[in-house]
Trainee: 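Take a look at the following structure, please.
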Amino acid sequence: MSLSISEDYTPKEVETAAQDYWREHGSFKVEVNLAKPKFYCLSMFPYPSGRLHMGHVRNYTIGDVISRFQRMRGFNVLQPMGWDAFGLPAENAAMKHNVPPAQWTYENIAYMRKQLQQLGYAYDWDREIATCHPDYYRWEQWFFCRLFEKGLVYKKDAEVNWDPIDQTVLANEQVIDGRGWRSGALVERRKIPQWFIKITDYADELLRDLDKLDGWPERVRVMQQNWIGRSEGLEFEFKVAGSKDIFTVYTTRPDTIMGVTYCAIAAQHPLALQAATSNPALAAFIKRQDNIKLAEADMATLEKEGMDTGIKAIHPLTGELVPVWVANFVLMSYGSGAVMSVPAHDQRDYEFAQKYKLAIKQVIMPGGHQNCDIKKAAFVDKGLLIDSGIYTGLNFKQAFEQLTTYFLTQGTGRKTVNFRLRDWGVSRQRYWGTPIPIINCNSCGAVRVPDADLPVILPVDVEFDGSGSPIKKMDSFINCICPSCGGKAERETDTFDTFMESSWYYTRFTCARYAEGMLNKKEVSYWLDVDQYIGGIEHAILHLLYSRFFHKLLRDEGLVTTDEPFKRLLTQGMVLKDGTKMSKSQGNTVDPEGLIAQYGADTVRMYMMFTSPPDQSLEWSDSGVEGAYRFLKRLWKIIGSFSPAPAPLVLAQLNEVQKELRLKTHSTIKKVSDDYERRQVFNTAIAAVMELYNDLSKYCTTQIVQDGGQHQAVVQEAMEAMVLLLAPIVPHMCHVLWHHLGKQGAVIDAAWPGYDESALVQNKVSIAAQVNGKLRTVLELAAGSSKESIEAAAFSNETILKFTNGFTVRKVIVVPDRLINIVVS
RNA sequence: GCGGACGUGGCGAAACGGCAGACGCGCUGGAUUUAGGUUCCAGUACCAUUGGUGUGAGAGUUCAAGUCUCUCCGUCCGCACCA
């Protein structure tokens, strides 16, 4: 090591030296080694938007810290990096700057790769993936074809946001207040044929296997469970009065059927459309519903509106006629597009009935001590049936069973399990995505592209004119021969949802350059599953659910052998400045590059890890960065000014002060190891090392140096511990300091330190002494004192007696070595 | 609207039902310095004199609650075509 440590801390030199070493030694290249346990640590790959932002820096620092820690613990660590390279921003950039999306994307990748390298992340760059590269997406096309053959994909009409001026389909985020973001035109809903993957076939398994994910945050599992939304209910028919028509509804509350006073159907329901032909007002109402944004959140906050169709439905139990209304909150795409309405026992139905003066009939009475007033609000809890003919007096469960049996014997209904989860629509009417490998033939229909013709390559030499995808007008791309009949046919011009690429990239990292197939069995069986996955909480549902689904599809294709992709999940919080999310539009971004230039990568990494625990949001502060920098300078100085000595540690020769320092060293190792491994909180780990530094610094300034004695040995031990414990977070500096401490080899290859139990033994402990739960004094007692002696000590303490005298002692609680609480009255 | 989380000093936070505020920032005072900066030392929740009060608000469970339960308020994430 040529770097002189007696000088001031110069991050640039330190970081160049360490990074040169890693590069020259190929330190982070990994391959299968069956003799060694593996650890696959993955951070969610970025969209190559142009420059790294602080959210990336945080995400990738967490991943790198865990990777380096696990390496020191003896694992063969795979930490790859790649690019989620397809997506909308590339097309926007193309229109704005007149650059083809491919060029824009690859330039961004080159720039961001350089930024990641500056931060010193321990990636195996030989495995780098860009999803927009044909070597990647060809296998996605191949896999889609396998699903096609298995009948797991299908085509159906589905609604999109249509911009009538730009003549293009808009993403939800491109619709602002019901208008197209560029044209300002009122957005219409339009139905077009699209491809779907049958995720609902796996709904039960996706729900059930959440139980296996004990390394996932509880909140993510709960969110997924609610998203899948399994419910059991009754599906039954209503007959339309004076007609042969019937329509089906689904309810989870069959016990309230006697309370049905109307039915509500979607604007696009066949009955509504039929009724509209002879009812201009209704037709106009239905037409108005076309301009509503597709997003569920907008739908839910919509003012509830409806209109009577004039149709009457026959109540299946009473035979009474109930009106059928069109309602804007009933969606054709959910269930059957029709619901039974029980205003007395459903809040939304209640509000609708109030608004349109529809009847409200109470049929459930609260059990127990509950009160309810139907005049004020719906009573939505379960209770006992009233005014329900032969069902009166039953509870929910009994009514559910008897009613489902009734409908079953009538042949007009059945018990069903329903999921909120809908099939995954993967078609996008965009250019910058994976071409869907389908050929449409007039005589053969939709035919998959044969394996030999894969990949279907996306043409990259394109120009954007602002209206739709360029390949939709590119005859050379569209015109082709039907692989089935040999006749003229047209290629599918839609591309895949970009969630497709990110649903399986973690598997491809195990064999990124494999050309003989989608996945290499040998690599996959060694590296998978991902042991640690790290990414933003915003991906808690969609990306993580699609990936779990894809893993099961891969399993059923024989490509992987496990049920779940990610053993342990860490969801990191956002990076904020001035209390709001850092974003370009807010103008409150902090550029990581400038900070690296000013303070070095180690300071940036350290600050990121020190400021908050990983799963909380992180509030940016410039002065906080200064603090991290100062600490690193101090660390550099104290170790730099120390001359390492070979003096062996002789426990019997330690004096009391040296024993205390040693206690601090080893309790720090214990605490920090637990923080890294079990708790995954790095701010407290750093704080603990800072405490050790403070103790060491105090020790060094107050103790007289005795060369060759135990002084040197305990200081050396403390310094080695600090360097090892910080090495995953501050890898460049620790690389240099390690050599300065006289160590052979690189710190990345050093073993994680263990702690000496015997160093942790304390002979005295402080015990909190409380009276009625309030702290009154602290007792200094021998460690391991018996309950009796703690009590005796408390009752002979002046302060305690001051608060107990004149009262009767009711109870005494003693927690050995920690606390005594005396309850008096 | 629905689902999920979060709310603690001037600020970022710690406390894994058992001593609230570790660690860091900032601030105040002091030392070093021609000065500024750096570095080092001491202090720093609030109110008051022994002591009292404090973890968004209110209730509850417990010997003991920032932590568990419920209600409310606020903020954030997701809501299926942003990634």
Side-chain angles (χ1 to χ4, degrees), chain A residues 44 46-47 49 84 86-89 158 160-161 169-175 194 217-220 222-227 229 294-302 304 329 347-348 420-430 497-499 502 536-543 545-546 571 573-574 576 579-581 607 610-613 615-628 630-631 633-634 637 674 678-679 681 683-684 686-691 693-694 697 701 766-770 772-778 802 810-813 815 818-823:
Chain A
M44 289 181 186
Y47 178 79
S49 53
D84 191 11
F86 275 137
L88 213 44
V160 292
N161 301 308
V169 174
L170 299 177
N172 282 337
E173 72 158 10
Q174 297 174 314
V175 182
Q194 309 198 61
E218 176 69 12
R219 65 167 190 258
V220 176
V222 171
M223 279 191 260
Q224 292 216 349
Q225 182 183 319
N226 292 334
W227 184 262
L294 284 175
E296 196 196 49
D298 297 289
M299 225 90 80
T301 48
L302 221 59
K304 312 271 176 290
F329 56 84
Q347 192 56 34
R348 193 172 59 181
R420 205 186 80 93
L421 182 69
R422 311 196 297 260
D423 275 339
W424 179 11
V426 294
S427 294
R428 296 292 180 271
Q429 297 71 41
R430 318 223 182 285
D497 177 7
T498 56
F499 276 124
S502 57
I537 183 67
E538 66 272 20
H539 297 292
I541 294 176
L542 291 180
H543 164 62
L545 188 66
Y546 290 141
T571 48
M574 292 187 315
L576 312 175
T580 51
K581 192 176 177 170
Y607 172 71
F610 179 61
T611 297
S612 338
D615 57 349
Q616 265 179 47
S617 59
L618 180 151
E619 177 67 35
W620 184 264
S621 135
D622 291 330
S623 54
V625 183
E626 289 278 356
R630 271 207 296 267
F631 175 74
K633 281 196 284 190
R634 283 200 287 263
K637 199 166 158 189
D674 188 47
R678 181 181 63 87
R679 305 205 316 145
V681 284
N683 56 334
T684 50
I686 293 170
V689 176
M690 284 174 168
E691 281 189 52
Y693 167 87
N694 290 342
S697 164
T701 51
S766 354
I767 292 174
Q770 302 177 331
N772 284 346
K774 280 190 179 155
L775 182 71
R776 293 306 175 185
T777 190
V778 175
K802 219 162 66 186
R810 298 288 172 196
K811 204 169 182 177
V812 179
I813 286 109
V815 183
R818 294 202 68 116
L819 167 144
I820 177 169
N821 186 15
I822 299 160
V823 184

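In what follows, chains are A, B, ... by sequence order, proteins preceding strands, each numbered from 1. The structure displayed is predicted, hence computed values, not measured ones.
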Trainee: Is any side-chain nitrogen or oxygen of A/R219 closer than 4.0 Å to OP1 or OP2 of B/C76?
Mentor: no
Trainee: Calculate the interatomic distance between A/M574 atom CE and B/C82 atom P; express it in whole Å.
Mentor: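 One finds 18 Å between P of B/C82 and CE of A/M574, rounded.
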Trainee: With a 4.0 Å cut-off on heavy atoms, is A/T611 in touch with a base, just the backbone sugar-phosphate, or nothing at all?
Mentor: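 Counting heavy atoms under 4.0 Å across all strands, the contact made by A/T611 is with sugar-phosphate only.
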Trainee: Quick one: label A/L421 by what it contacts on the DNA or RNA (base, sugar-phosphate, nothing), any heavy atom closer than 4.0 Å.
Mentor: base
Trainee: Give A/R678 one of three labels, base, sugar-phosphate or nothing, depending on what nucleic acid heavy atoms sit under 4.0 Å from its own.
Mentor: base
Trainee: If you look at every strand shown and take non-hydrogen atoms under 4.0 Å, does A/Y47 touch a base, only sugar-phosphate, or nothing?
Mentor: sugar-phosphate
Trainee: For the residue pair A/R679 and A/T684, confirm or rule out a side-chain donor-acceptor distance under 3.5 Å.
Mentor: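 Side-chain D/A pair, A/R679 to A/T684: present.
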Trainee: Using the P atom on both, measure B/C79 against B/A14 and round to a whole Å.
Mentor: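 Going atom to atom, P in each nucleotide, I get 28 Å.
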Trainee: Once you round it to whole Å, what is the distance between P of B/G7 and CD of A/Q616?
Mentor: 7 Å
Trainee: Between B/G9 and B/G54, how far apart are the two C1' atoms, rounded to whole Å?
Mentor: 10 Å
Trainee: Between A/G773 and A/I686, name the one whose nearest nucleotide on RNA chain B is closer to the 5' end.
Mentor: A/I686
Trainee: Is atom CZ of A/R420 surrounded by more than 12 heavy atoms (other residues, nucleotides or ligands) closer than 6.0 Å?
Mentor: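 Enclosed.
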Trainee: Select base, sugar-phosphate, or nothing to describe what A/V689 touches, counting heavy atoms under 4.0 Å on all strands.
Mentor: nothing
Trainee: What is the distance from CZ of A/R348 to P of B/G1, rounded to the nearest Å?
Mentor: 14 Å
Trainee: For A/F631, run the ring-ring contact (aromatic ring centres under 6.0 Å, His included) check against A/Y693, A/F610, A/Y607 and tell me which one passes.
Mentor: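 Passing option: A/Y693.
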Trainee: Please check the phosphate of B/A64 (OP1 and OP2 only) for any side-chain N or O of A/N772 closer than 4.0 Å.
Mentor: no
Trainee: With heavy atoms under 4.0 Å as the rule, sort A/A540 into base, sugar-phosphate or nothing.
Mentor: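 Contact class for A/A540: none.
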Trainee: Rounded to whole Å, please give me the gap between CD1 in A/I813 and C1' in B/C63.
Mentor: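 In whole Å, B/C63 C1' and A/I813 CD1 are 3 Å from each other.
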Trainee: Which is true for A/P217 with a 4.0 Å heavy-atom rule: it touches a base, it touches only sugar-phosphate, or it touches nothing?
Mentor: nothing
Trainee: Taking atom P in both B/U38 and B/C47, what distance in whole Å separates the two?
Mentor: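 Per the computed distance, 29 Å lies between those P atoms.
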Trainee: Taking the C1' atom in each of B/A45 and B/A22, what is the distance between them to the nearest angstrom?
Mentor: 14 Å
Trainee: Closer to the 5' end of RNA chain B via nearest nucleotide, is it A/T701 or A/T684?
Mentor: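 Taking each residue's closest nucleotide, the earlier one in sequence belongs to A/T684.
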Trainee: With sugar-phosphate meaning primed atoms plus P, OP1 and OP2, does A/N694 contact a base, only sugar-phosphate, or nothing at under 4.0 Å between heavy atoms?
Mentor: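 Sugar-phosphate only.
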Trainee: Rounded at 0.5 Å granularity, tell me how far CD in A/Q616 sits from CE in A/M574.
Mentor: 12.0 Å
Trainee: Indicate, with a heavy-atom threshold strictly under 4.0 Å, whether A/R776 touches base, sugar-phosphate, or nothing.
Mentor: sugar-phosphate
Trainee: Quote, to the nearest angstrom, the C1' distance that separates B/C23 from B/A31.
Mentor: 25 Å
Trainee: Please give me the minimum heavy-atom distance between A/L88 and A/A171, naming the atom from each residue.
Mentor: CD2-CB, 3.8 Å
Trainee: Measure the distance from CG on A/D423 to P on B/A80 and round it to the nearest whole Å.
Mentor: 16 Å
Trainee: Once you round it to whole Å, what is the distance between P of B/G37 and CD of A/E626?
Mentor: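 The distance from CD of A/E626 to P of B/G37 comes to 13 Å, rounded to the nearest Å.
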Trainee: Using the P atom in both, what is the distance from B/G30 to B/G37, to the nearest Å?
Mentor: 14 Å
Trainee: Base, sugar-phosphate or nothing for A/N821? Non-hydrogen atoms, less than 4.0 Å.
Mentor: base
Trainee: Taking B/U67 as the reference, what is the distance to B/G7 when you measure between their C1' atoms (whole Å, please)?
Mentor: 13 Å
Trainee: Roughly how many Å is it from CZ in A/R428 to P in B/A80, rounded to a whole number?
Mentor: 11 Å
Trainee: Check every strand shown and say whether A/H539 touches a base, only sugar-phosphate, or nothing at a heavy-atom separation below 4.0 Å.
Mentor: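 Base contact - A/H539 has a heavy atom under 4.0 Å of at least one base atom.
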Trainee: Rounded to the nearest Å, what distance is computed from the CD atom of residue A/E218 to the P atom of nucleotide B/C77?
Mentor: 22 Å
Trainee: Can you tell me how far P in B/U53 sits from the matching atom in B/C68, rounded to whole Å?
Mentor: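 After rounding to an integer number of Å, I get 24 Å for this pair.
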Trainee: Quick check: any donor-acceptor pair below 3.5 Å linking the side-chain of A/R818 to the base of B/C19?
Mentor: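 No such pair is found, so the answer is no.
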Trainee: Which heavy atom in A/V220 sits nearest to a heavy atom in A/A540, and how many Å separate them?
Mentor: CG1-O, 3.7 Å
Trainee: Could you check whether A/K774 gets within reach of a base, just the sugar-phosphate, or nothing at all, counting any heavy atom under 4.0 Å?
Mentor: sugar-phosphate
Trainee: Syn or anti: how is B/G7 classified when any glycosidic angle within 90° of 0 counts as syn?
Mentor: anti
Trainee: If only atom types and distance count, is the side chain of A/N821 paired as donor or acceptor with the main-chain N or O of A/I813 below 3.5 Å?
Mentor: no
